[in-house]
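Single-structure report; data block below.
Keep in mind that this is a model prediction, so the values were computed, not measured. Residues take their numbers from the sequence shown, with the count starting at 1.
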Amino acid sequence: MKVKATLKQIAKELNVSVSTVSKALNDSPEISSQTKIKIKEYAKLKNYKPNIIGLNLKNRKTKTIGVIIPNILNSFFAKVFSGIEKVADEKGYNVITCISNESIVKEINTLEMLSNGTTDGFILSVSQEAQKLQDYSHFIDIINEGTPIVMFDRIADEVECDKVVVDDYDSALNVTQRLIDTGCKNIALISSVDDLSVGKLRTEGYLKALADNGISVNENIILRTSSEDDMKKKIEAVFENNTIDGVFALDERDSVAALKVGIKKGYKIPEELSIIGFADGILASRRLTPSLSTVSQHGVEIGEVAAKLLIQRLEADEENELPYQTVVIKTNLKERESSRTKKKSISKK
């Protein structure tokens, strides 16, 4: 008994997109006669039969959006989700939320499961593993099959789709400049997100600010890792044998850990050590003493914009294909008790 081929298998064998195979088998005028003949003959040879139930599901609007987030414990993603849900509810859409847990395998499985007639489109932030491997083919496959995707925060430049990001590079540059302007000269960089696109952009902004101010890069006070494991010990090692008067932390947990280590080491905060972190979660604003100065990413707004972009694309006239957009949301610095607001005065002797 012959095994039935799938659209994906045919596309792979003939080195064309799934969309091209589908259009050829449906006699689309967009595909040349020669390509149609080649694809149809190969499909017949491989015993391809269209999945009528699947096609019916695909052609029917479910009014459901799939949301895939990398980490359920990150308050930023919770804020983004609340923005997505708000707009979806207003527009009459349901939301299914899944968690990749930073795994590319879970990300792929979720996309395949929900794209089979369950959802009309996806809003997602790319998993850490996918960014580390630089493997985004699963997103491209889903888009080629006709299911739109909107990426937010962690994005892939290689994938053509709508995207919503914050100004990570400019934000990091401005934060580092703020620390310099208030008297910091030895600013440590603490990052557990070095594999991520956002982590790389923030690091670049930090380095540019140092260069702009003629401050030499001190690799001894730069901690770049792709894991939060033993973060406190790693930060303690950075503090141990170096003079530090400022910290720029690229993730909320990094900034919390840096603050705790600074206090443990006996620093007066912010008089002797200024700390500013990325992401404005509950830990930073409510549960710490002193409270943390943070870069607010406006997660709710990101979610709202992402949902509007996806729904706009889902409801657009198919004959008028919308150009892809990348929307940049501006961050703002919320200065609290962990950073100085003016340059430290030097007493005269």
Would you say T20 and I39 make side-chain contact, with heavy atoms under 4.5 Å?
yes

Measure the shortest side-chain to side-chain distance between I244 and C184 over non-hydrogen atoms and say whether it is less than 4.5 angstrom.
no

Neighbour count above 12 (heavy atom, 6.0 Å) for K234 NZ
yes

Applying the side-chain contact (heavy atoms from CB on, under 4.5 Å) criterion to R340, which one of L273, I269, T182 satisfies it?
T182

Would you say I69 and F152 make side-chain contact, with heavy atoms under 4.5 Å?
yes

Under a 4.0 Å N-O cut-off, is there an ion pair linking K61 with D120?
no

Salt-bridged, D27 to K40, with N to O below 4.0 Å?
yes

Are the charged groups of K264 and E236 less than 4.0 angstrom apart, N to O?
yes

Looking at K200, I want to see if its NZ is surrounded by more than 12 non-hydrogen atoms of other residues, nucleotides or ligands under 6.0 Å.
yes

How about I72: does its CD1 atom have over 12 heavy atoms from other parts shown lying under 6.0 Å from it?
no

Taken in chain and number order and not counting sequence neighbours, the residues that satisfy ring-ring contact (aromatic ring centres under 6.0 Å, His included) with F239 are Y267

Validation row: I65, I123 side chains within 4.5 angstrom (heavy atoms):
yes

Let's go through R154 and E102 carefully: what are the C-alpha distance in whole Å and the side-chain angles of both, what is the deciding distance for salt bridge (charged side-chain N to carboxylate O under 4.0 Å, His left out) to 0.1 Å, and is it a yes or a no?
CA-CA 12 Å; R154 307 179 193 173; E102 307 291 9; 2.7 Å; yes

Taking R313 first and then D162, would you say they form a salt bridge - that is, a charged N and a carboxylate O separated by under 4.0 Å?
yes

Is the shortest distance from a Lys or Arg side-chain nitrogen in E90 or K308 to a carboxylate oxygen in the other one below 4.0 Å?
no

Hey, any chance I31 and I37 share a hydrophobic cluster, counting ILVMFWY side chains that come within less than 4.5 Å of each other, even indirectly?
no

For I221 and V238 the tightest heavy-atom approach is CA-CG1, 3.8 Å

Assigning hydrophobic clusters by single linkage (Ile, Leu, Val, Met, Phe, Trp, Tyr; side-chain heavy-atom cutoff under 4.5 Å), is V95 placed with I149?
no

Derivation of the side-chain contact (heavy atoms from CB on, under 4.5 Å) call for M151 and F139
CA-CA 10 Å; M151 291 182 173; F139 302 124; 3.6 Å; yes

Decide if atom CD of Q134 counts as having more than 12 heavy atoms of other residues, nucleotides or ligands within a radius under 6.0 Å.
yes

Under 3.5 Å: donor-acceptor pair, side chain of T294, backbone of S296
no

Are there over 12 heavy-atom neighbours, none belonging to K132, within less than 6.0 Å of that residue's NZ?
no

Dump the intermediate steps for side-chain contact (heavy atoms from CB on, under 4.5 Å) on M231 and L223, then the final yes or no.
CA-CA 10 Å; M231 198 59 180; L223 172 57; 3.8 Å; yes

Considering non-hydrogen atoms only, spot the tightest contact between I155 and Q131 and give its length.
O-NE2, 3.0 Å

Just to verify, what does F77 make a ring-ring contact (aromatic ring centres under 6.0 Å, His included) with, not counting sequence neighbours?
none

May I ask you to say whether R178 pairs ionically with E335, meaning some side-chain N is under 4.0 Å from a carboxylate O?
yes

CG (D167) and CD (Q297) are apart, to the nearest 0.5 Å, by 10.0 Å

With a cutoff of under 4.5 Å between side-chain heavy atoms, which Ile, Leu, Val, Met, Phe, Trp and Tyr residues group with V198?
V175, L179, I180, I187, L189, V193, L196, Y206, L207, L210, I215, V217, I222, F248, L250, I276, F278, V295, L333

Any L124 side-chain heavy atom under 4.5 Å of L111 side chain:
yes

For K265, does the NZ atom have more than 12 heavy-atom neighbours from other residues, nucleotides or ligands under 6.0 Å away?
yes

Is there a side chain to side chain donor-acceptor pair (under 3.5 Å) between S100 and S103 once you walk through the steps?
CA-CA 5 Å; S100 68; S103 163; over 6 Å; no

Would a distance-only check, ignoring hydrogens and angles, find a side-chain to backbone donor-acceptor pair under 3.5 Å from T64 to T62?
yes

Should we count CD of E158 as having more than 12 external heavy atoms under 6.0 Å?
yes

